[in-house]
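Scroll down for the structure; my scribbles are underneath it.
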Amino acid sequence: MGGGETGRDTSGSGRATVARIYDYFLGGTYNFPADREAGDRIIHAVPETPIIARANRMFLRRAVRKLATLGFRQFLDMGSGIPTEGNVHEIAEQVDPRSRVLYIDIDPVAVMVSNEMLVGNPYCRAIVGDLTRPDELLEALRQPDLAEIIDLTQPTALLYFSVLQSVPDDQLHRAVEPIRNELPASSALAISHIGPTIIDTAGADPVNNGIGVYRTHAATHITLRSAEQLLPLFDGFTLMEPGLTRSSDWHPDANNEDPYHEQPERSPMLCGIGLRRH
Ligand SMILES: C[S@@+](CC[C@H](N)C(=O)[O-])C[C@H]1O[C@@H](n2cnc3c(N)ncnc32)[C@H](O)[C@@H]1O
């Protein structure tokens, strides 16, 4: 049964949200009629959108596994979304069951469902927060209840998976830099972001139509960004090989699960992990 049928819309607005549209693309159940209508309109404009969401989730899992294998034990997941298969804490816990994860999302439904999943887990939590208000987040992170999950004096993996495209250009650096700059040496910054390849493969008009649905139905302006536009976010960090690349090129796993692996030139998600130099 979908979340809509259970009447658990804690947002109270009845509008579509990015979190729940994305849940719909991934075949999840925490979406409502308004989300499904918006999702169908986006799919009508750009039919491969659910495939892009899947490619992003697969990068998320490879990235977190890589970070956990490198020794990261704290993950700050910004715009974490509604839980689905292979969440950050589940991947990290495969390496160390005491891995700590703080999920932050602007969507109360995403946070409620995340906390339901985390009941009994003393190492992980989800909170409602707006990543475009980093000073408020930093203030919250300094409070004892959250500081025991994420200790900002210790190396931390800061994750922005498929969320910064919802942040307009004039807010992008102001959103990321205060938290990124707070991280100690040997921290990590992981980003995935929709890039302009989708215009080449799907066409400018369909993409603009899809972006228009996000604007009219979910009050969200989506910005496509190139690698050149995203690279400054990694200032002070050294990108791990192979750099900021298409998802299909970023450490493909043994069974090449990325849906674009046979057509990498069509792969629209740009993905990378940087490690803080000092
Ligand atoms: C496309 S989903 C990605 C979810 C997850 N990170 C993933 O990669 O599977 C984007 C998420 O970012 C959240 N989001 C968008 N703007 C945000 C903001 N300003 N602050 C916090 N979360 C935000 C949305 O609610 C949504 O859950």
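Because the structure is predicted, anything quoted here is derived from the model rather than measured. Below, all heavy atoms of this structure are taken into account, side chains as well, without hydrogens, waters or symmetry copies. Sequence positions, counted from 1, serve as the residue numbers for this chain. We count ligands from 1, going down the list as the structure has it; atoms in each ligand are counted the same way.
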Do Asp145 and Arg125 meet the salt-bridge criterion of a basic N to acidic O distance under 4.0 Å?
yes
Atoms of ligand 1 under 4.0 Å from any heavy atom of Phe161, numbered from 1 in the order shown, are 3 (C), 5 (C), 6 (N), 7 (C), 8 (O)
Please write down residue, atom name and distance for the protein heavy atom closest to atom 8 (O) of ligand 1.
Asn56 ND2, 2.8 Å
Would one find more than 12 heavy atoms of other residues, nucleotides or ligands at under 6.0 Å from atom NE2 of His44?
no
Does any donor atom in the side chain of His89 or Tyr103 lie under 3.5 Å from an acceptor atom in the other side chain?
yes
Atom 12 (O) of ligand 1 has as its nearest protein heavy atom Val163 CG2, 3.2 Å
closest protein heavy atom to atom 7 (C) of ligand 1 is Tyr22 OH, 3.3 Å
Provide, to 0.1 Å, the distance between atom 19 (N) of ligand 1 and the closest protein heavy atom, together with that atom's residue and name.
Asp130 OD1, 2.8 Å
Thr17 near ligand 1 by a heavy-atom separation under 4.0 Å
no
Tell me whether Gly129 reaches ligand 1 (any heavy atom closer than 4.0 angstrom to a ligand atom).
yes
Is the CZ atom of Arg133 crowded by more than 12 outside heavy atoms at less than 6.0 Å?
no
Measure the distance from atom 4 (C) of ligand 1 to every protein heavy atom, then report the residue, atom name and distance (to 0.1 Å) of the closest one.
Gly79 O, 3.3 Å
Side chain, backbone, both or neither: which part of Ala110 has a heavy atom under 4.0 Å from ligand 1?
neither
Proximal ligand 1 atoms for Arg57, defined as those under 4.0 Å from one of its heavy atoms:
7 (C), 9 (O)
Nearest heavy atom to atom 24 (C) of ligand 1 wins, so pick from Leu131, Asp107, Asp105.
Asp105
Measure the shortest side-chain to side-chain distance between Leu159 and Met78 over non-hydrogen atoms and say whether it is less than 4.5 angstrom.
no
Return the closest protein heavy atom for atom 17 (C) of ligand 1 as residue, atom name and distance.
Ile106 CG2, 3.8 Å
Note: Met78, heavy atoms under 4.0 Å from ligand 1, region reported as neither
Is there side-chain contact between Ile21 and Tyr214, with heavy atoms separated by less than 4.5 Å?
yes
Do Asn31 and Ile82 come close enough that some side-chain heavy atom pair is under 4.5 Å?
no
Checking a contact table here: which protein heavy atom is nearest atom 1 (C) of ligand 1, and how many Å away?
Ser162 O, 3.3 Å
What I'd like to find out is whether the side chain of Phe161 reaches to under 4.5 Å of the side chain of Val64, using heavy atoms alone.
yes
Hey, are the side chains of Asp258 and Arg246 touching, using non-hydrogen atoms and a 4.5 Å cut-off?
no
Under 4.0 Å between heavy atoms, the region of Ser80 that gets near ligand 1 turns out to be backbone
I'd like to know if the side chain of Arg225 pairs up with that of His193 as donor and acceptor (distance under 3.5 Å, no hydrogens or angles considered).
yes
